[in-house]
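Chain letters run A, B, ... following the sequence lines, proteins first, then strands; residues in each count from 1. Side chains are part of it too, since the values below use all heavy atoms of this structure and drop only hydrogens, waters and symmetry mates.
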Amino acid sequence: MIDPKEPRLQPAGTGGVIPEEVAEATHIPHPESLPEYRWVYLWRWPLRVTHWVSAITITVLIVTGFYIGAPYFTTWGEASSHYLMGWARFLHFAAAGLIVAAAILRVYWLFAGNKWARWSSLLPVQARDWRNLWRTVKYYLLVRQESMPHYLGHHPLQQLSYTLIYLIVIVQMVTGFTMYGLSNPGGFFHTATAWVAPLFGGIQTVRFTHHALTWLLITFIPLHVYLAFRADVMDREGEMSSIFSGGRFVRADVKFEDE
Amino acid sequence: MLAPTSHPWTSDQTLAEHLEDRGVSRREFLDLCGKLTAMLGLASVVTPRMARALEQMRRPSVVWIQLQECTGCVESVIRTSEPSIGDLVLDTISLDFNHTLMAAAGHAAEAALHSAMEANAGQYILVVTGSVPLKDDGIYTTIAGRTAKEVLEEAASGAAAVIAVGACAHWGNIQASNPNPTGAVGVSDIIRDKPVVNIAGCPPISDVVTATVVHFLTFGRMPALDIDGRPMFAYGKRIHDQCQRRAHFDAGQFVDGFDDEGARKGWCLYRMGCKGPASFSPCPIFQWNVRTSWPIGAGHPCLGCTERRFWDTMTPFYERLPQVAGFGVERRVDVFGGALAIGVTAGVAAHAAATGIHRARQRKQLPVMQKPPQDAEVNRGQD
C-alpha cells in the first residue's frame, strides 16, 4: 500500500500510481487504499508481430478477396492497359504469403513462447479454465461482475474464441491454397491440396467455404476491438497498450489465475 | 463412323496400306502424327516413332458399348463436317461394335459383339459411354435382357484397355446427381482390376479420344493420368488459364448481361458464373466442330462439365458461388454474412450501452467518495 503521506509518483517498474482524476473517474473508494501497480511484460515481439501482421494482412485479404469473389469495378478501354483483377489477385496472394509467415512464427511461439503465449494458454485445455469459463460468461452478461476471474493473458472466453479464429484462419489457408494450386496443376500447391476438394465435395464448395468463413472473420473484428477497448476502459489495466508495448500495468493486489 | 466405305480396313492390311487405299498421302499422315504428338504434349522426336507404330499397325479392334446415356457423346464424335485423318483412324477402328451406328440389330448385334470379344480376347480396346445404374439390381438399364453392370463386366474382362468416354462413364453425370434415383456410378467404380482412362466432359472432345487411342497404339500403354483418371495431356490445364478472354479477366473487364457492351466486346464471363476457373479441359485449344468454336468463345460461361458432380457442385450455372441450402433459392451467403456482421456490430453497441447503464447504477450504490488528504493538492502539481 502507498503511504498517502509520501509523494505519489513512483518510479516505473517498482509499482505505480494512477492519477487522482482517474481514481475519481473509476470510483476507487479511498485514496488510502489506492492499489500499488506493477508492470508485467506479457507479449514479446513475436506475438505482437504476429498480431499486427495478421491485422493488416486480414484487412487486405478481406478487401481484395471480396473483389476477386465479385469484381465490382469494371475498367474500360483496351485490356492491355489495365491490370485491376491482376493486382487484386497479386495483393491477395502476397498478403496470403505474409500471413502464412506470421502463422509459422505463431506456431513456433506456441512452443517457444512464454506461458501466456504457449499452446496450453491458448487452447482451453486446463480444468481451471473450464471452471472459470462460466464466471467469465456471467461477467460479460453483466451479472456478478465481482466474481470475474482475473487473467494476465487470455481468459477462458478469449482462449475459446482465439482458438476458433486460429482454426478458421487455418481452414482459410487450406481452402485458399487449394484454389491457388489450380493455376499450376501438378505443382506443389496442387499436389499438396489434392485431398481438399474431394473432402469438401468439389472445388466450388471449397470456394464457398472460403467466402463464407470470411464473414466470420469480419464478424470477429468489431467484437475483438470492442471488447479490447472495453477491457481497457473498465479495468484500466493497460489491455490496449499491451499489444503495442507488450506489457500491462496491473494492480498489485489482484490475484491472477495464470500468473 | 463414316458412311460405309468401298475400302474397308481388312484385317491383313496395315494402317499405312489402308490409308494409301483411301487416298491419304504420306505427307498428310505425317502431319497427323505431328499434330497428335503436339496434342499429347510429347517432344517432336517421338513423331517418327509414332508414325512407325501407326503405319505398321494391324486393324485394332475397338468395342464401343453404350450404357445409361443420351448418345450425345457418339453424336459429338460423328458431327464433324469434314472428317480429319484423326477421325478417320478412330472411325475405322471403331466399327466392331457400336449399337447406335451399326447396321445390325437384335440377335445379330449381340452376335457381332460376342464374336468381336472372342476373336480379339485380351487385345481389344473397350470404349464405354454411359453410366451403370446399380439400384434395384440394375434394372434401370438393360440390354438384351442383361443389366448394364453385367454387360460392362463381361466386355471389360477381355479388354486390353478401358476408355470411359463422357461424363456418364466418368462418374455418372446427371443421372448420378442428387438424388441419384437409379444409383448410377461411373465405369471406374465398377472396373477395378484394370486402369480406366476417363475422357471427361459432357460431351468430351473427340480429338482427346483419338489421341488417347493413338497413344495406346504407339506406346502400348495409356497416357499419364491425373488423380481423377483423366489424361494429363488434355486435362492438365485449367480452362481459365488457356482462355482467350483471360486478358479481360486480369484487366477487370466483365460481361454483366448477354446483350451488354461487354458481351459484344468479348469480355470475361466471370460475373456470369463462368466455371472456367474450376474446370480442367483443353476446350480453348482443341475446340469443337473442326475447331470452329467452343462455349466461352461463343459467349456463354463454362458449366464445368469435365468435373465430377458438376450438376450438384457447379450450380447455379450463372452464379459465382453455390447458394445457401435450406434458406430459399434467392438467399446468398453474402446476405447471411452481412446480416451476421451487422447483427454483431449492433450487439456490440447494445452491450456497450448496457455496460454504461450497469456502471451508472453501480456508481449510485457506491458510498460517496471521501475527500483525498490535503497534501494531495500539493502533489498534484508534481504529476
Residue selection (most heavy-atom pairs with chain B, distance under 4.5 Å) from [options]:
options: A/Leu223, A/Leu227, A/Val206, A/Thr205; value: A/Leu223
options: A/Ala197, A/Ala88, A/Gly69, A/Ala70; value: A/Gly69
options: A/Asn184, A/Leu141, A/Leu142; value: A/Leu142

Side chains of A/Phe200 and B/Thr313 in contact at under 4.5 Å (non-hydrogen atoms):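 Side chain of A/Phe200 against side chain of B/Thr313, heavy atoms only: no contact under 4.5 Å found.
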
Is the shortest heavy-atom distance from the side chain of B/Arg238 to the side chain of A/Pro185 under 4.5 Å?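 B/Arg238 does not reach A/Pro185 side chain to side chain.
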
To check you understand the geometry: which heavy-atom pair defines the closest contact between B/Gly252 and A/Tyr67, and what is its length?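 In terms of heavy atoms, the two residues are closest at CA-OH, 4.3 Å.
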
Minimum heavy-atom distance B/Thr355-A/Met234, with the two atoms named: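 Looking at all heavy atoms of both residues, the closest pair is CG2-CE, 3.4 Å.
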
Kindly list each side-chain donor-acceptor pair under 3.5 angstrom involving residues 164-171 of chain A, sequence neighbours excluded, with atom names and distances?
| residue | atom | partner | partner atom | Å |
| --- | --- | --- | --- | --- |
| A/Tyr166 | OH | A/Arg106 | NE | 2.8 |

Picking from [options], which has the most non-hydrogen pairs under 4.5 angstrom with chain A?
options: B/Ala247, B/Gly304, B/Ala352; answer: B/Ala352
options: B/Leu340, B/Thr345, B/Ile342; answer: B/Leu340
options: B/Glu261, B/Arg271, B/Lys237; answer: B/Arg271
options: B/Cys268, B/Gly337, B/Pro277; answer: B/Gly337

What are the residues of residues 72-85 of chain A, in order of number, with any heavy atom under 4.5 angstrom from a heavy atom of chain B?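 From residues 72-85 of chain A, the residues near chain B are A/Tyr72, A/Phe73, A/Thr74, A/Thr75, A/Trp76, A/Gly77, A/Glu78, A/Ala79, A/His82, A/Tyr83, A/Leu84, A/Met85.
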
Would you please go through residues 207-221 of chain A and name the residues with a non-hydrogen atom below 4.5 Å from one of chain B, in numerical order?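 Contacts with chain B: A/Arg207, A/Phe208, A/His211, A/Ala212, A/Trp215, A/Leu216, A/Ile218, A/Thr219.
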
Say whether, by atom type as modelled, one donor and one acceptor occur between the side chain of A/Gln204 and the main chain of B/Ala278 under 3.5 angstrom.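 Side chain of A/Gln204 to backbone of B/Ala278, a donor-acceptor pair under 3.5 Å: no, none is there.
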
Can you tell me if B/Arg308 uses its side chain to pair, donor with acceptor, with the backbone of A/Gly202 under 3.5 Å?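 Side chain of B/Arg308 to backbone of A/Gly202, a donor-acceptor pair under 3.5 Å: no, none is there.
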
Would you mind checking which part of [X] comes under 4.5 Å of any heavy atom in chain A, side chain (CB onward), backbone (N, CA, C, O), both or neither?
X: B/Tyr235; result: neither
X: B/Arg246; result: side chain
X: B/Asp334; result: both
X: B/Gln253; result: both
X: B/Phe280; result: side chain

Assess whether side chain to side chain contact (heavy atoms under 4.5 Å, CB included) is satisfied between A/Arg89 and B/Asp250, documenting all intermediate values. CA-CA 9 Å; A/Arg89 293 175 73 240; B/Asp250 287 330; 4.2 Å; yes

Side chain, backbone, both or neither: which part of A/Ile203 has an atom under 4.5 Å from a heavy atom of chain B?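 It is the side chain, since no backbone atom gets that close.
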
Would you say that more than 12 heavy atoms from the other residues, nucleotides or ligands in this model lie under 6.0 Å from the OH of A/Tyr180, or not?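 Check fails, neighbour count at 12 or below.
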
Crowding at CZ, B/Phe258 (>12 non-hydrogen neighbours, <6.0 Å):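 Check passes, neighbour count above 12.
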
Using the six-membered ring wherever Trp is involved, compare the ring planes of B/His351 and A/Tyr226 and label them parallel, tilted or perpendicular (cut-offs 30° and 60°).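 Rings of B/His351 and A/Tyr226: perpendicular, as their planes differ by over 60°.
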
Side chain to side chain contact (heavy atoms under 4.5 Å, CB included) assessment of A/Arg230 paired with B/Val348: CA-CA 10 Å; A/Arg230 185 184 187 276; B/Val348 159; over 6 Å; no

Residues forming a side-chain contact (heavy atoms from CB on, under 4.5 Å) with B/Ala263, sequence neighbours excluded: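 With sequence neighbours excluded, B/Ala263 shows a side-chain contact (heavy atoms from CB on, under 4.5 Å) to B/Val255, B/Asp260, given in chain and number order.
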
